[in-house]
S.K.: 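The structure follows.
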Amino acid sequence: MARRRRSVRAKIFAIIVVPVTALVVVWAYGSVITVQNGMELLKIRAVYDNVVVPTQDVIDALQAERTLSAEYLGARMTTAYPELRSQRQKTDEAVAHLEQASAQAKDATPDEMWGRLRELVTYARGLNAMRNQVDQRLLTAMEAVEHYDSVTEVGFQVYDRLMIADDLDIIQQVKAVILISRAREVMSQQSAVLAGTLAASHMTKAEYDAFGKMTGKRKLLYELGVGQLDAELAAPFLTLNASATYRAFSAMETEVTDSVTPGRALGAGTLTWRTASEAMTVTLGELIGEASQTISDRTVPLAEKALWRMGVAAGVGLLIMAFSVLYSIRFGRRLTAEMVGLEQAAIELADRRLPAVVGRLRRGEDVDVAAETPPVTIPGTTAEVDHVANAFTSVQRTAIEAAVDQARMRDGVSKVFRNLARRNQSLLHRQLAMLDRLERQVTDPDVLDKLFGVDHLTTRMRRHAEGLIILSGAAPGRGWRTPVSLYDVVRAATEQVEDYLRVEIGVPHGPALAGPAVTDMIHLVAELVENATIFSPPHTQVIVHGEVAARGFALEIEDRGLGIGAEEMVQINARLAEPPEFDLADSERLGLFVVGLLARRHGVRVSLRASVYGGTSAIMLIPANLMADDATPEYAVGAGAAADEGRTGWERSQEES
């Protein structure tokens, strides 16, 4: 399958479009990323107000409920005391508020954060089952603490998905605050464990081990978080570290881990734990809230700065892109115009100028090569296009010179054909005249029969000489002024064929042919009949029959040979309908070429088709303008002349006897 060709315009357009498209994509991508960063920074405000703060309220409520639940289980009360029931109600209210507030910031909340948020709400809504176990004392204080830990952990995972900005500093500060919040959560877990042990007046080995791990974890998270904060945000926490509240809390941690013995009663010092823990938790919560608020406030100027920077970059990028597109289009249009001009010059040369010159040469006109080969000029500044235009100028000059030389050569060959044919024709006329005189003088039948054979052979030679004249483009010198019967025309043509005795003529005597066309029609029919006799077995007949048609006279020459292939027959019919220029190298079917020239000269339609007998039929349709009225007195004279022109001397002698 042939490859699909693309125009120069399309290729130049593709060359221009690829870099321009890449530039547009890069500009658009950069602009989109910048806008997204700015919008995400602006979203932090909505997420902070509607998600972060309500989530922290839920975590605070869960922490308080966890501590009270552990205290209830450690004290072995028979019913849940009012403070625990009140805290459970506060927790449910905080969850409801979180669900309602977060719905307002759903579009601004990242998908992963929103998923964790819904998970937190689901877990918080499912606390009733665990609360029933607490009320029925089916859990230990430590087991209750662990259940609440799993719920608060989901809350902190909501914070972990808060990374919606690409500003590294903000991300680092948010992570630091989350670490401090987790340290506060561990502090709340410590309070819950210790609240249960205080209510039970002793600490189990599991509670003691858990408390020790929590202490180490709390210190690590708190130190990591404070260490990652910048100076502004870290200052309040450093002040807290130096305060009496923090020292009291730290001292209580040390006292519990150093002086408490698992399984024994707690010391009097541990009874002040709840006061120190609550003070530290409240203070740390306030500092975390202030730090979160500060970070949220920082995002607004950052977003405005990012959007402003994006606007400037987008404007400059748009101007550069517009300039690039306009320059590329202008460059592409110039180059395309040059290439299109070059294409039009080539088409002009190939489709109009060269065919026109060749047509003039075929008509015998003189052609001035210099005048017909003006230089091809393409407006533009591209050196390669100018070089190709000069090459086209050279090509057209060479092509026209070659056409002129070929026309001269054809004209010379035609003149040679014509001169040789005229000489042969003159000699053959003289020979026929001499044979005619000898035939009338000789009385010996054997000698007379041989003279008749020479007479027939000479007549055929004269036809071949006339064929050369036709190939040269001239017309034979012989002709008639009066109409001739088509029957006599066919008979005269048949008698110019070697195997004329195999030909059966079935043409009516009435229709006549105009005199000027008689010679050419005799030659045309003779060529077709000779082809039929040559390409059919010698024992078969060739039938020539004709009849009057609506548009003239139809004549059919039918042989009973092997026939012609369908593809070859199509080619022959095409050459008969529109004879090509004569080629000296194609001499296999000179007869059919002569037939095509004669048919075109007189408007006769000749075509071949398969015969019902397996051979080939040649159909001639002589147009009505070549037909003549056969009722004129000159008809008989013309008929006799045509018959005499084609018959041998032996046949004439038979008529005379």
Side-chain angles (χ1 to χ4, degrees), residues 25-63 91-127 147-182 184-185 221 224-225 228 288-289 291-307 309-310 314:
V25 170
V26 171
W27 171 81
Y29 179 77
S31 299
V32 170
I33 293 298
T34 306
V35 171
Q36 286 180 347
N37 290 340
M39 297 305 295
E40 287 174 357
L41 288 171
L42 292 177
K43 289 178 182 178
I44 293 179
R45 170 67 68 179
V47 174
Y48 177 80
D49 293 337
N50 296 284
V51 176
V52 174
V53 173
T55 300
Q56 184 61 49
D57 293 341
V58 172
I59 292 175
D60 291 344
L62 289 171
Q63 291 173 347
T91 301
D92 293 338
E93 292 175 354
V95 172
H97 176 68
L98 171 63
E99 190 172 12
Q100 181 181 3
S102 62
Q104 301 176 6
K106 180 179 180 181
D107 295 337
T109 305
D111 293 338
E112 293 185 3
M113 186 178 184
W114 180 259
R116 291 299 183 184
L117 182 66
R118 300 309 305 168
E119 187 177 353
L120 172 62
V121 172
T122 302
Y123 282 3
R125 292 293 187 188
L127 286 175
H147 278 293
Y148 278 102
D149 291 349
S150 63
V151 181
T152 56
E153 175 60 25
V154 177
F156 282 100
Q157 289 179 4
V158 174
Y159 294 159
D160 292 339
R161 271 65 179 181
L162 186 59
M163 308 308 172
I164 61 175
D166 289 339
D167 188 278
L168 296 178
D169 182 65
I170 290 182
I171 293 176
Q172 183 179 2
Q173 300 308 306
V174 170
K175 287 183 176 180
V177 172
I178 292 176
L179 289 176
I180 298 174
S181 297
R182 286 186 173 273
R184 181 173 179 269
E185 162 64 12
L221 291 175
L224 288 175
Q228 294 179 8
I288 291 174
S292 300
Q293 183 66 44
T294 301
I295 294 175
S296 176
D297 294 339
R298 285 182 181 182
T299 60
V300 175
L302 288 176
E304 294 175 350
K305 182 179 179 181
L307 293 176
R309 187 169 58 248
M310 182 278 300

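In this chain, residues are counted from 1 in sequence order. Bear in mind the structure is a predicted one, so any value in this text is a computation, not a measurement.
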S.K.: What heavy-atom pair brings Gln228 and Ala176 nearest, and what distance separates the two atoms?
M.R.: CB-CB, 3.7 Å
S.K.: Under a 4.5 Å cut-off applied to non-hydrogen side-chain atoms, are Val121 and Val58 in contact?
M.R.: no
S.K.: With sequence neighbours excluded, what pairs up with Ile288 under the side chain to side chain contact (heavy atoms under 4.5 Å, CB included) test?
M.R.: Val177, Ile180, Ser181, Arg184, Phe237, Leu284, Ser292
S.K.: What distance separates Gln100 CD from His97 NE2, expressed to the nearest 0.5 Å?
M.R.: 7.5 Å
S.K.: Report, as yes or no, whether the 6.0 Å neighbourhood of atom CD on Glu93 holds more than 12 heavy atoms from other residues, nucleotides or ligands.
M.R.: yes
S.K.: Could you check if a side-chain atom of Gln157 sits within less than 4.5 angstrom of a side-chain atom of Leu120, using non-hydrogen atoms only?
M.R.: no
S.K.: Heavy atoms, side chains only, cut-off 4.5 Å: are Leu98 and Asp57 in contact?
M.R.: no
S.K.: For a quick test of reading the model, state the closest non-hydrogen atom pair linking Val95 to Ala124 and the distance between them.
M.R.: CG2-CB, 3.4 Å
S.K.: Output the distance between atom OG1 (Thr91) and atom CD1 (Ile59), rounded to the nearest 0.5 Å.
M.R.: 12.0 Å
S.K.: Give, for atom CD of Glu185 and atom CG of Asp149, the distance between the pair rounded to the nearest 0.5 Å.
M.R.: 6.0 Å
S.K.: Taking all non-hydrogen atoms of both residues into account, name the closest pair between Arg118 and Glu99 and its distance.
M.R.: NH2-OE2, 3.3 Å
S.K.: What pair of heavy atoms forms the shortest contact from Met113 to Val51, and how long is it?
M.R.: CE-CG1, 3.6 Å
S.K.: Using 4.0 Å as the upper bound for N to carboxylate O, is an ion pair formed by Arg182 and Glu153?
M.R.: yes
S.K.: Report, as yes or no, whether the 6.0 Å neighbourhood of atom OH on Tyr148 holds more than 12 heavy atoms from other residues, nucleotides or ligands.
M.R.: yes
S.K.: Show the nearest heavy-atom pair for residues Ala101 and Asn50, with the distance to one decimal.
M.R.: O-CB, 3.3 Å
